[in-house]
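Chain naming here is simple, since letters A, B, ... match the order of the sequence lines and numbering starts at 1 in each. Bear in mind the structure is a predicted one, so any value in this text is a computation, not a measurement.
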2 protein chains.
Amino acid sequence: MTMSSSIDQRVSLAVSTVIFALRPHPDSGLMTLWLPLVRRIREPYEGQWALPGGPLEADEDLAASAQHTLERTTGLAPHYLEQLYAFGNVDRSPDDRVVSIVYWALVRPDEVARAVDGENVEWFVADELPPLAFDHTSIVDYALARLRAKITYTPIAHAFLPEEFTLAELRAVHEAVLRTTLDPANFRRQALASKTLVPTGTCLQGTSHRPPALFRFEAGAPSPAPEEQR
Amino acid sequence: MTMSSSIDQRVSLAVSTVIFALRPHPDSGLMTLWLPLVRRIREPYEGQWALPGGPLEADEDLAASAQHTLERTTGLAPHYLEQLYAFGNVDRSPDDRVVSIVYWALVRPDEVARAVDGENVEWFVADELPPLAFDHTSIVDYALARLRAKITYTPIAHAFLPEEFTLAELRAVHEAVLRTTLDPANFRRQALASKTLVPTGTCLQGTSHRPPALFRFEAGAPSPAPEEQR
DNA sequence: GGGGGTTAGTGTTGACGTGACTTTAAGGTC
DNA sequence: GACCTTAAAGTCACGTCAACACTAACCCCC
């Protein structure tokens with residue numbers, strides 16, 4: 001603990017984030033998973049797309065560093081943030097040794113609108129990515145797998161939605177993430193059985209059909225540190 | 001990526017491991033989870049017990065570094081090793097900033113016998129630990145939760161056993177880890193349904209009752225990188 | 001060598017969750 | 001008011017699993 005491994009061995013520590021959001025697919029119009037990428041402006045992999053990230057800030061916890069780097073590079077403030085994995089293989093960067101502690105995050109549609117969409121930040125369909133820098137392609141694949149697994153047994157879908165939402169909207173999130181269709185009746189049963197949805201008492205008005213009830217997400221027992229993981 | 005965060009900000013990177021093994025409890029005689037701890041010989045927390053670990057080796061991947069540090073400090077070679085979490089809160093070490101990438105491991109009983117049990121390495125019952133250095137108590141708690149969760153939906157229990165084992169032995173592992181009793185008939189059905197157990201054809205002889213069949217663990221599809229996580 | 005003890009292994013039953021599907025309710029539109 | 005559309009509730013069959021009963025195969029002991 002006294003010898004700093006980083007000084008002697010020049011291991012640099014980065015924090016990156018895989019950010020997911022939902023918006024319609026340009027071709028089909030279906031709700032689809034998107035994620036923002038940043039164009040690299042230095043070697044190695046100059047000009048290629050990569051995950052937003054940066055060096056760990058000395059005075060910040062890991063999650064806070066991920067969040068701030070995210071804010072700085074993309075302007076996004078996620079509504080869900082969880083550590084994904086620490087990637088540190090020797091050969092994952094051609095020059096230096098870089099250990100990346102990667103987080104994954106979910107953002108709401110209103111955030112997406114606020115995000116900077118400048119020259120070096122662009123949104124891509126999660127399942128149709130260009131070749132990425134470093135090992136970021138496999139990192140995104142892993143994050144995708146984790147998201148799809150976790151949404152099936154944990155109520156995180158609401159992180160893609162505004163405060164109040166209908167069951168149809170919640171189901172649309174699941175369908176978009178999992179790329180399937182779900183039976184509305186069965187989805188309703190299962191969603192209400194989880195006890196994490198609280199009806200607001202109001203209904204969404206202005207539809208050309210029966211008005212659906214609005215719900216709000218209510219956290220159950222606070223999750224133990226650091227996460228539950230199942 | 002060009003600025004090394006570690007040099008400027010003196011963040012050191014450590015790799016530690018929570019190692020689990022099974023042996024009888026000294027009081028009850030029941031099979032119980034144990035883990036080896038290392039006594040710290042330097043400040044901070046000098047004299048206190050801590051997880052085995054050390055600085056990340058420059059020429060090793062993360063998992064390899066965990067394995068080698070383990071070998072060096074405790075003499076143990078695990079049969080299962082998985083990344084647990086990266087702990088990096090600013091205040092987790094009183095002096096320097098230390099980010100620990102923590103792994104968890106399972107070892108077989110024959111390994112436990114081979115392990116060094118010197119002055120500064122000692123085995124403890126996992127649920128009856130003394131106060132540990134740094135945030136290692138909460139790390140162990142998290143590893144315990146992960147082990148108990150993962151053993152229920154993944155065939156890792158065999159990593160506590162020799163190559164060939166009976167279903168009763170496998171069930172005893174589950175019971176020891178989860179601290180419950182399990183129905184032998186239902187456990188058998190569920191274990192055989194997973195298709196990961198291959199009968200060797202032979203039976204364990206020398207028992208004072210009906211001889212049980214011996215099984216061997218056969219890996220199914222190789223797990224995707226980095227892990228499956230569910 | 002037969003009865004009893006012990007564990008291995010098989011079978012049966014009922015409760016529960018879930019997928020597929022039907023039915024009723026509540027709006028708007030024409 | 002007929003009709004369309006989606007919300008919401010209800011029905012049914014099937015598979016899973018916990019609980020429990022039952023048979024099988026050894027050893028021990030008298």
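If you measure from atom CG of B:Asp183 to atom P of C:dT13, you get 17 Å, rounded to the nearest angstrom. For the pair A:Phe187 CZ and C:dT18 P, the computed distance is 13 Å after rounding to whole Å. Going from atom CZ of B:Phe215 over to atom P of C:dA8 covers 11 Å, rounded to whole Å.
For the helix from C:dG1-D:dC30 to C:dC30-D:dG1, the angle separating the two terminal helix axes comes to 10°, with each axis derived from five pairs and the value rounded to 10°.
Distance from the side chain of B:Arg189 is smallest for C:dT12 among the nucleotides C:dC21, C:dT12, C:dA26. Considering only the side chain of A:Arg210, C:dA25 comes nearest among C:dT12, C:dA25, C:dA8.
Side-chain contact between B:Arg216 and B:His158: absent, with no pair of heavy atoms (C-beta onward) separated by less than 4.5 Å.
A salt bridge links A:Asp127 and A:Arg148; the closest N-O separation between the charged side-chain nitrogens and carboxylate oxygens is under 4.0 Å. The existence of a salt bridge linking B:Glu82 and B:Arg146 is confirmed by a sub-4.0 Å separation between a basic side-chain nitrogen and an acidic carboxylate oxygen.
Here A:Ala193 lies out of heavy-atom contact (under 4.0 Å) with every strand. If you check every strand for non-hydrogen atoms under 4.0 Å, B:Thr207 touches sugar and phosphate atoms only.
Between atom CH2 of residue A:Trp123 and atom CG of residue A:Leu35 there is a gap of 7.5 Å, rounded to the nearest 0.5 Å.
Contacts between chain A and DNA chain D, taken as any atom within less than 4.0 angstrom of a protein heavy atom, begin and end at D:dT5 to D:dT11.
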